[in-house]
Amino acid sequence: MANKLKIGWFSFTCCEDSTIIFTELLNTHWKNWKNQIEFVHVKVLKKSPEIIPEMDIAFVEGAIAGDRQEQKLKDIRQKAKKLVAIGSCAVVGSPSNQRNFFNRSQLDEIRPILERFKYKEKVLKLSDIVKVDDVVNGCPMNEAVFLQIMDKLLNT
Ligand code: SF4
């Protein structure tokens, strides 16, 4: 393949278990993928640039908890031809959005943290902010669905 598919992997508010699954999948799939893909921003694999690069595909896990995260997600969206939401936190917001369901006294307890870190009133899923082209559900992500999407991307 003359032009490799440029791929980025990004994590927001979450436990990053799908990142672990992704890196584990490289053990068995890298040989097949290495001539077709180029990682342009995958912090778990290599030092990645602060400025978000142009990409063919951005895989994004985690929910959006703060304004800075929202800006970064919009930047990723602008730079990526396709954006795939990875895992339940990115797709529907849960379980990273537990505080959205807190009662008044629970919210009062965490208020200083929300203010200190300039967190949003509500934790958002990716599609609340940007267009999402595809999703991989599951907590962590469903490996089989992720591999199907990779196949589709590599063969179009
Ligand atoms: S969807 Fe589950 S595994 Fe993925 S980041 Fe959220 S809590 Fe972690």
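Numbering of ligands and ligand atoms starts at 1, following listing order. As a basis for the values below, the full set of heavy atoms in this structure was taken, side chains included, without hydrogen atoms, waters or symmetry mates. For clarity, every value in this text was computed on a predicted model and none was experimentally measured. Sequence positions, counted from 1, serve as the residue numbers for this chain.
Protein contacts to atom 2 (Fe) of ligand 1 involving N, O or S atoms at a distance below 2.8 Å are Cys139 SG.
Applying the ring pair (Phe, Tyr, Trp, His ring centres under 6.0 Å) definition to pairs two or more places apart or across chains, none involves residues 87-108.
Of all heavy-atom pairs between His41 and Phe10, the closest is ND1-CE2, 3.2 Å. The minimum heavy-atom distance between Thr13 and Ser96, with the atom names listed, is O-OG, 3.0 Å. Scanning both residues, Met55 and Val40, for their nearest heavy atoms gives CG-CG2, 3.5 Å.
The pair Asp134-Lys152 meets the salt-bridge criterion, since a charged nitrogen lies less than 4.0 angstrom from a carboxylate oxygen.
Side chains of Asp108 and Ser105: no donor on one and acceptor on the other come within 3.5 Å.
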